[in-house]
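Each remark here refers to the structure printed beneath this line.
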Amino acid sequence: VCDEAGLELVALQLYPHNLTVPQLSETIAFCKASGCNRINVAWYKGSKENPNDWQLLVNVLNHAAEVCAKEGISVAYHNHDHEFKMKFGGVRVWDWLWARVTDDSLRQVTATPRFSEKVLQELDCGNCVLGGGDPVRCLAAHPHRNPTVHLMPAIADAAGLKPGEA
């Protein structure tokens with residue numbers, strides 16, 4: 001269908017459960033059949049009281065990114081405003097998810113306490129701004145993890161921003 005319309009399917013937008021066993025193998029097969037080489041996880045709203053809730057997302061995406069990489073498929077996380085509004089110990093969830101851990105201070109119950117280097121980002125700049133984040137800072141912090149960004153001027157308009165401010 002995309003070929004007939006002259007379009008390229010860049011990524012699938014899916015939910016975390018699509019990347020868990022046994023659905024992961026079906027998701028990979030669908031991705032290959034559709035000629036797509038990236039899966040973006042489009043929505044997760046973990047608890048603002050419990051980082052372990054978010055750690056489950058980290059574990060799922062890290063595992064899926066490892067398995068998918070062997071199939072030539074990348075995995076990315078697409079943010080919404082709540083990752084910038086919620087904080088753990090004064091740290092925004094967005095920053096917490098991508099923290100580079102060099103010691104055991106952030107370790108939970110897993111070998112990789114934050115997103116591995118194989119998990120990419122699809123930064124939604126409008127939602128970042130709505131959540132109080134700075135998309136330029138976010139992109140600069142992870143320059144090689146954003147193969148695509150998501151731009152939504154209607155959301156920037158809703159936040160009262162003028163063109164060029166988002």
Side-chain angles (χ1 to χ4, degrees), residues 2 7-20 23-24 27 30-31 34 36-65 68-69 73-101 106 108 110 112-166:
C2 288
L7 300 172
E8 176 188 359
L9 180 59
V10 176
L12 302 177
Q13 291 284 96
L14 301 174
Y15 295 101
H17 73 273
N18 296 113
L19 299 180
T20 60
Q23 287 182 299
L24 180 56
T27 299
F30 180 78
C31 204
S34 65
C36 184
N37 64 2
R38 188 169 61 249
I39 300 166
N40 292 333
V41 173
W43 177 258
Y44 184 77
K45 189 160 185 180
S47 168
K48 57 185 167 185
E49 290 86 24
N50 186 358
N52 289 319
D53 197 22
W54 286 91
Q55 187 64 49
L56 293 173
L57 175 72
V58 169
N59 295 348
V60 167
L61 267 64
N62 285 349
H63 173 73
C68 288
I73 299 168
S74 60
V75 173
Y77 183 69
H78 174 101
N79 66 284
H80 289 82
D81 62 334
H82 59 268
E83 289 92 346
F84 294 92
K85 292 178 180 176
M86 288 183 183
K87 294 182 179 181
F88 296 132
V91 177
R92 289 181 171 161
V93 168
W94 179 258
D95 295 324
W96 185 90
L97 289 169
W98 302 99
R100 291 191 178 118
V101 180
L106 296 176
Q108 305 286 22
T110 182
T112 308
R114 298 296 175 269
F115 285 139
S116 76
E117 292 295 320
K118 289 188 177 172
V119 178
L120 303 175
Q121 299 175 353
E122 183 186 58
L123 183 69
D124 184 319
C125 296
N127 279 324
C128 176
V129 169
L130 284 177
D134 177 352
V136 173
R137 181 192 67 81
C138 292
L139 291 168
H142 304 281
H144 304 292
R145 286 186 111 155
N146 283 279
T148 58
V149 294
H150 194 173
L151 303 173
M152 298 188 303
I155 287 183
D157 293 343
L161 299 171
K162 295 179 178 73
E165 290 182 335

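Count residues from 1 along the sequence. Everything numeric in this text was worked out from a predicted model, so none of it was measured.
With sequence neighbours left out, Leu56 forms a side-chain contact (heavy atoms from CB on, under 4.5 Å) with Asp53. Remark: Tyr15 pairs with His17, Asn18, Trp43 by the side-chain contact (heavy atoms from CB on, under 4.5 Å) rule, at least two apart or across chains. Residues satisfying the side-chain contact (heavy atoms from CB on, under 4.5 Å) criterion with Lys48, sequence neighbours excluded, are Met86. In this view, Lys45 satisfies the salt bridge (charged side-chain N to carboxylate O under 4.0 Å, His left out) rule with no residue, not counting sequence neighbours. Legend: residues meeting side-chain hydrogen bond (donor to acceptor under 3.5 Å, both in side chains) with Thr148, ordered by chain and number and at least two apart, are Arg38, Glu122. Evaluation of the side-chain contact (heavy atoms from CB on, under 4.5 Å) rule for Ala42 yields Gln13 as partners, not counting sequence neighbours. Residues passing the ring-ring contact (aromatic ring centres under 6.0 Å, His included) test with His150, sequence neighbours excluded: His78. With sequence neighbours excluded, the residues satisfying side-chain hydrogen bond (donor to acceptor under 3.5 Å, both in side chains) with Glu49 are Ser47.
For the pair Arg114 and Trp98, the NZ or CZ position fails the cation-pi test of under 6.0 Å to the six-membered ring centre and within 45 degrees of the ring normal.
Sorted by first and then second residue, the side-chain hydrogen bond (donor to acceptor under 3.5 Å, both in side chains) pairs involving residues 132-144 (not counting sequence neighbours) are Asp95-Arg137. For residues 73-88, the salt bridge (charged side-chain N to carboxylate O under 4.0 Å, His left out) pairs, not counting sequence neighbours, are Asp81-Lys85.
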Would you please test Cys138 and Cys128 for side-chain contact (heavy atoms from CB on, under 4.5 Å) and show each step? CA-CA 9 Å; Cys138 292; Cys128 176; 4.0 Å; yes
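If you take CG on Leu139 and CG on Asn146, they are separated by 5.0 Å, rounding to the nearest 0.5 Å.
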